[in-house]
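Written below as structure tokens is the structure these notes are about.
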Amino acid sequence: MDFGLSEEQEMLQETLKGFAEKECPTTRVRELFDAGLGHDSALWSGLVEMGIAGLAIPEAYGGAGLELLDVALAAEVLGWAGMPGPFLGHSIAALAVAAGGSEAEKKAILPGLASGEAIATVALQEDDRGFAPGDWQTRFAEGRIDGTKTIVAHASIADRILVGVAGGRFAWVDAKAQGITLEDQGGVDRGRPIAKVRFDGAPAQLLSGGLDASERTLDAASVLLAADAFGAATRLIELDVAYSQSRQQFGQPIAQFQAIKHAIARMATEIEPSRGIWWYAAHALDRGHADASRQASIAKAHVTDRAMDMARQSVELHGGYGFTWECEVQMWFKRIMFDRSALGTPEQHRERSARLGGW
Amino acid sequence: MDLTYSTAHEAFRARVKTFLEGWPLKGAEAERPLAEQEAIFRNRGIEAGFVYRHVPKRYGGSEQPRDAIEDQIIQEEFYRAGAPRDLTSQGAGMLVPTLLEFGTEAQKARYIPPALRGEESWCQGYSEPGSGSDLASLQCQARLEGDEWVLKGQKIWTSGAQRAHMMFGLFRTEPNAKKHEGISYLLVPMNTKGIEVRPLREMTGGYEFNEVFFDDARIPADHIVAARGQGWQVSRATLVHERNLIGNPFMMREAFQDLVELARSRRRNGRPAIEDPSVRQRLAEIEGYVRASETSNLRQFSAAQRGEMAKVMRPVLMNKVFSTDTMQRIARCAYDLIGGDGVLAPQEEELHGWGRRSTPSGWVLQYIFSMGPAIAGGATNIQLNIIGERGYGLPRDLHRGK
Ligand SMILES: Cc1cc2nc3c(=O)[nH]c(=O)nc-3n(C[C@H](O)[C@H](O)[C@H](O)COP(=O)(O)OP(=O)(O)OC[C@H]3O[C@@H](n4cnc5c(N)ncnc54)[C@H](O)[C@@H]3O)c2cc1C
């Protein structure tokens with residue numbers, strides 16, 4: 001019994017943090033945020049070189065052979081760094097294929113994802129319907145798909161798209177194939193540009209995994225979004241601590257006002273103890289625990305909601321500056337908005353956890 | 001990360017479970033008063049090495065090697081079985097660690113064994129009418145006259161003083177020294193002439209804490225722990241022990257399960273309340289906090305096992321505020337679920353059992369009770385200062401320490 005990270009896991013986080021500090025300091029986060037591309041090929045190559053693109057891809061297919069927990073630990077650091085890039089969608093697609101693909105499918109798809117040769121993303125959410133596998137209406141028939149997906153992150157730079165289709169299964173498409181049209185949706189988190197993607201008879205390949213495999217993939221996505229939000233929230237605490245000690249009013253640093261000190265202590269107390277929720281959920285999915293889906297929903301709901309509360313207060317703590325485009329806080333604030341709203345709001349995940357709990 | 005137990009730990013759990021088949025007691029023993037039964041079983045627990053594991057044998061403990069996972073297994077299994085284990089009274093929980101760290105050999109030999117057995121009960125004499133959060137400003141005086149301390153002044157909010165044989169308390173012995181340096185830690189027999197205990201009624205309706213008055217009460221000079229003027233450090237060190245106690249998430253989980261059961265049994269709009277979307281949302285949100293508490297606890301005891309407590313310093317500092325808030329959320333949600341029954345008064349017999357949650361009035365009491373922990377043992381604002389200052393390096397309040 002050991003509910004803690006291994007040395008390798010701590011090392012992974014440290015190495016990634018070192019890379020982020022060097023290659024993606026706040027100034028670079030800002031440039032990328034303003035450019036709105038949500039991608040920087042140099043940063044992505046750096047991640048690929050560290051093996052981050054294929055963390056959970058089995059070694060036999062060129063990956064690092066690690067688990068969801070390791071991917072989530074990487075997501076935490078990237079959330080902390082505010083680093084833009086296709087990591088989340090790419091990782092979710094890789095996990096889906098690794099978990100639900102046949103031998104031939106894995107061979108065909110995974111090595112390219114691990115080597116970074118191809119960037120993948122996922123297309124799950126449908127307008128007016130939902131994000132869950134049972135909600136998907138996009139049709140797959142005779143090697144082609146028809147339907148419209150919305151909020152597809154990094155669609156414009158993706159080479160491959162994993163598409164949720166009716167029956168709760170996944171289909172795999174080449175993003176540059178015929179019959180695919182993108183409509184830019186902008187996106188509040190400029191580190192994650194989103195698009196509506198229309199498929200009109202686009203050639204696709206159906207993956208072998210069934211509804212269960214798709215549900216697990218969605219659970220994994222929930223955990224990764226929670227980990228990302230957790231990382232972003234811890235960065236906001238750091239920004240708050242630093243700003244409150246440098247900003248002076250009434251002849252003293254504002255941190256000297258107990259209202260500010262207590263606000264930070266409270267925010268931290270909302271966030272810090274929730275670290276174990278997403279650790280646990282990731283581990284439960286890795287080990288196939290019976291309550292894994294429920295834990296994933298609790299993690300998504302709780303961590304992203306608490307992070308959003310925290311982000312709101314971080315804005316306030318920075319005063320007028322906090323409301324500006326210039327202030328760093330907004331970039332992490334918006335990252336958390338994305339993490340909270342994408343693939344199921346806290347309300348939806350709470351209802352799911354209630355149902356799975358037999359309530 | 002590994003949530004499975006090693007074979008050694010599984011075997012240990014099996015031993016604990018076998019041992020726990022002995023509770024409740026059977027036969028003639030089961031006819032004895034409950035307190036005696038508990039004492040009998042606790043002594044067996046000491047012999048078996050499950051109770052008072054970190055107290056040396058010569059003082060009545062079972063002196064086991066440190067193993068945080070075994071501690072956790074014991075806590076979990078004893079809690080599940082409702083079996084008596086280490087007393088968490090002021091004596092066993094606070095005085096004993098203090099004496100182990102600072103007491104003389106004679107003090108340890110004299111006071112620890114009866115405190116562990118609950119035969120000699122203790123109360124904590126810290127707070128005074130003028131000194132609560134600012135405890136170091138305390139004024140209750142102890143003057144050395146010959147070979148006796150002469151005590152004069154008042155303590156307040158002293159829980160259990162009406163039953164206690166002894167008090168460990170903080171007294172000002174060096175009136176001319178600086179605030180924190182003029183305090184000593186004394187051991188006071190409650191039957192000393194010149195001590196009067198007056199009960200205070202709590203908002204629950206019960207009588208648990210008291211005022212204690214000292215009118216030239218005389219106690220032997222050697223009833224001091226550590227040197228004169230060191231009482232503040234002694235009491236702080238004990239508080240560190242207290243805060244390092246990782247807490248008991250099973251208690252919180254049990255309260256939450258009771259809340260879910262309540263939601264199943266109460267009705268809203270003619271249907272079980274648990275089917276109401278707003279109730280489901282609220283329960284699920286509270287469970288997020290309960291899960292945070294449980295997993296934070298898992299993380300802390302794993303860190304203890306690895307000898308890496310420094311890595312979990314922040315969550316440790318947060319334990320008290322977090323569990324206080326979570327228990328309040330649970331109690332408040334239950335209070336809302338009982339609806340109009342929230343006007344009921346707690347029943348007399350419910351006052352004695354902490355937290356009976358089977359009746360609406362039991363939940364009313366639970367709700368009232370849940371106010372206490374935010375104040376006792378250091379008010380939440382003071383805890384937030386500690387989290388901000390020690391956890392995140394924020395500046396200390398300006399006025400302190402004068
Ligand atoms: C159920 C219960 C049992 C207790 N048992 C015992 C016992 O056995 N022995 C014992 O010695 N004591 C006991 N206490 C007393 C308890 O330790 C004190 O009540 C507590 O430390 C607060 O002190 P106070 O009551 O004087 O409140 P105060 O210190 O007057 O606080 C009043 C309010 O002011 C706030 N405040 C005070 N200072 C600051 C500051 N610097 N910054 C911000 N806010 C501040 C507090 O947070 C609080 O909200 C018990 C209390 C309760 C409720």
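To find a chain, count down the sequence lines: A is the first, B the second, and so on, and within it residues start at 1. Computed from a prediction, not measured in an experiment: that's the story for all the values here.
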Interface moiety of [X] toward chain B, non-hydrogen atoms closer than 4.5 Å:
X       : result
I277(A) : both
W278(A) : neither
E67(A)  : neither
T269(A) : both
Q252(A) : side chain
Q245(A) : side chain
R355(A) : both
I260(A) : neither
H289(A) : side chain
R294(A) : side chain
A301(A) : neither
R266(A) : both
S244(A) : side chain

Among [options], who wins on heavy-atom pairs under 4.5 Å with chain A?
options                            : answer
I387(B), T4(B), N381(B)            : N381(B)
E287(B), K311(B), R291(B)          : R291(B)
E294(B), R264(B), E275(B), E285(B) : E285(B)
V321(B), L298(B), V312(B), I274(B) : L298(B)

Just checking, is any N or O donor in the side chain of [X] or [Y] under 3.5 Å from an acceptor N or O on the other one?
X       : Y       : value
R350(A) : T345(A) : no
Q300(B) : N319(B) : yes
E254(B) : Y79(B)  : yes
D240(A) : Q313(A) : no
R306(A) : S274(A) : no
E328(A) : Y321(A) : yes

> Which of parallel (below 30°), tilted (30 to 60°) and perpendicular (above 60°) describes Y289(B) and H302(A)?
Replying inline: perpendicular
> How are the rings of H349(A) and F131(A) set relative to one another: parallel (under 30°), tilted (30 to 60°) or perpendicular (over 60°)?
Replying inline: tilted
>> Restricting to non-hydrogen atoms, name the atom on M252(B) and the atom on T326(B) that form the minimum distance, rounded to 0.1 Å.
In response: SD-CG2, 3.6 Å
>> With a sphere of 6.0 Å drawn around CE of M313(B), does it hold more than 12 non-hydrogen atoms of other residues, nucleotides or ligands?
In response: yes
>> Would you say CD of E316(A) has more than 12 non-hydrogen atoms from neighbouring residues, nucleotides or ligands within 6.0 angstrom?
In response: no
Tell me if a side-chain donor or acceptor on [X] pairs with a main-chain N or O of [Y] at a distance below 3.5 Å.
X       : Y       : answer
R53(B)  : D71(B)  : no
Q281(B) : E347(A) : yes
R235(A) : G231(A) : no

> Which of residues 7-20 of chain B get closer than 4.5 angstrom to chain A, counting heavy atoms alone?
Replying inline: none
Which region of [X], side chain (C-beta onward) or backbone (N, CA, C, O), has a non-hydrogen atom less than 4.5 Å from a non-hydrogen atom of chain A, or is it both or neither?
X       : answer
I69(B)  : side chain
D325(B) : side chain
Q305(B) : neither

> With L66(A), which residues qualify under side chain to side chain contact (heavy atoms under 4.5 Å, CB included), at least two apart?
Replying inline: L55(A), A64(A), D70(A)
>> For F230(A), does the six-membered ring have the charged nitrogen or CZ of R275(A) within the cation-pi criterion, i.e. under 6.0 angstrom from the centroid and within 45° of the normal?
In response: no
